[in-house]
Amino acid sequence: MLSKKNRVNKESFPKLIKKAKNFSSDNMYAKITCGFSKNKTFAFVVSLKVSKSAVERNKIKRRARAITASLLKNVADGVCVAVFFKPTIISKKYAETKEEMINLYKKAKII
């Protein structure tokens with residue numbers, strides 16, 4: 001679980017979206033900006049297009065937070081990330097999601 005200081009707050013989310021660079025993979029894409037805040041901050045977005053079920057959407061977000069929390073020590077300070085998921089993520093297992101998220105973070109050069 002990510003602590004409060006490692007989450008993007010509602011006020012800074014629109015600024016993050018405007019200034020960020022896009023990086024994508026098969027099942028997710030990320031908007032990343034550096035120097036936005038002092039801490040490493042992350043947001044995870046799973047829209048209704050991915051799944052109508054709140055249980056499924058929350059499961060995806062919990063997995064993403066757990067994966068990111070384990071990688072947090074490798075991330076540089078001042079990085080702000082918003083990860084958006086595509087509908088194809090529903091059929092993926094935890095290990096596949098973890099591998100893809102790690103590759104996405106490496107592609108964006110934040111780990």
Side-chain angles (χ1 to χ4, degrees):
M1 185 68 166
L2 287 175
S3 64
K4 272 283 205 209
K5 70 176 186 172
N6 294 119
R7 295 187 212 156
V8 176
N9 58 16
K10 289 182 182 180
E11 293 81 31
S12 61
F13 190 79
K15 290 184 242 174
L16 162 68
I17 298 302
K18 284 184 180 180
K19 295 181 181 181
K21 291 183 180 180
N22 294 331
F23 298 92
S24 65
S25 67
D26 293 337
N27 301 307
M28 62 188 79
Y29 68 96
K31 291 184 174 266
I32 301 173
T33 186
C34 297
F36 190 69
S37 67
K38 295 176 184 175
N39 296 325
K40 315 162 196 183
T41 56
F42 292 85
F44 301 98
V45 181
V46 184
S47 71
L48 279 171
K49 290 180 182 177
V50 174
S51 175
K52 299 282 186 205
S53 170
V55 174
E56 286 290 326
R57 293 192 311 270
N58 291 335
K59 179 176 143 184
I60 293 166
K61 287 189 267 187
R62 277 195 308 272
R63 285 180 175 181
R65 286 187 195 116
I67 292 166
T68 302
S70 67
L71 300 172
L72 205 56
K73 64 182 179 283
N74 299 330
V75 178
D77 287 335
V79 173
C80 196
V81 181
V83 180
F84 297 84
F85 295 92
K86 298 176 184 177
T88 54
I89 196 72
I90 294 290
S91 63
K92 301 298 177 188
K93 300 210 181 289
Y94 180 83
E96 295 168 334
T97 304
K98 183 173 184 174
E99 183 179 325
E100 187 170 347
M101 193 169 274
I102 289 170
N103 290 337
L104 182 64
Y105 289 165
K106 285 181 181 178
K107 185 177 182 181
K109 298 179 183 173
I110 62 170
I111 59 171

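For the single chain, residues carry numbers from 1 onward in sequence order.
K40 places a side-chain N or O within 3.5 Å of a backbone atom of V75 that can act as its donor or acceptor partner. Looking only at distances, no side-chain donor or acceptor of K49 sits under 3.5 Å from a matching main-chain atom of P87. For R57 (side chain) and K52 (main-chain N/O), a donor-acceptor pair under 3.5 Å exists by modelled atom type. Judged by distance alone, the side chain of T68 and the main-chain N or O of R65 form no donor-acceptor pair under 3.5 Å. For the pair E100 (side chain) and D26 (backbone), a donor-acceptor distance under 3.5 Å is present. K98 places no side-chain N or O within 3.5 Å of a backbone atom of A66 that could act as its donor or acceptor partner.
One finds the SG atom of C34 at 8.0 Å from the NZ atom of K21 (value rounded to the nearest 0.5 Å). Taking OH from Y29 and NZ from K107, the interatomic distance works out to 14.0 Å, rounded to the nearest 0.5 Å. A distance of 14.0 Å separates NZ in K19 from NZ in K31, rounded to the nearest 0.5 Å. If you take OG on S91 and CD on E96, they are separated by 7.5 Å, rounding to the nearest 0.5 Å. For the atom pair K86 NZ and M28 CE, the distance stands at 9.5 Å (nearest 0.5 Å). Once rounded to the nearest 0.5 Å, the distance linking CD1 of I111 with NZ of K106 reads 5.5 Å.
Looking at heavy atoms from C-beta onward, I60 lies in side-chain contact with I90 at the 4.5 angstrom threshold. Side-chain atoms of V8 and C80, non-hydrogen and from C-beta on, do get closer than 4.5 Å to each other. At a threshold of 4.5 Å between non-hydrogen side-chain atoms, the residues K59 and V55 do not count as touching. Proximity of L2 to L72: side-chain heavy atoms (C-beta onward) are separated by under 4.5 Å at one or more points.
Of all non-hydrogen atoms in T41 and K5, the two that sit nearest each other are CG2-O, 3.6 Å. When every heavy atom of F85 is checked against every heavy atom of V50, the shortest pair comes out as O-CG2, 3.3 Å.
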**OP:** With side-chain contact (heavy atoms from CB on, under 4.5 Å) as the test, would you mind laying out the steps for T33 and K15 before giving the verdict?
**Re:** CA-CA 10 Å; T33 186; K15 290 184 242 174; over 6 Å; no
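If you chain together hydrophobic residues whose side chains sit under 4.5 Å apart, L104 and L16 never meet in one group. The hydrophobic clustering, which links ILVMFWY residues whose side-chain heavy atoms are closer than 4.5 Å, places I17 and V83 apart. Under the 4.5 Å side-chain heavy-atom criterion for grouping Ile, Leu, Val, Met, Phe, Trp and Tyr, V45 is not connected to F23 through any hydrophobic cluster. A chain of hydrophobic side-chain contacts below 4.5 Å, direct or via other Ile, Leu, Val, Met, Phe, Trp or Tyr residues, connects F44 to I67.
F13 and F84 have tilted rings, their planes meeting at an angle from 30° to 60° on a 0 to 90° scale.
Summarising the local packing, CD of E56 is surrounded by more than 12 heavy atoms from other residues, nucleotides or ligands at distances under 6.0 Å.
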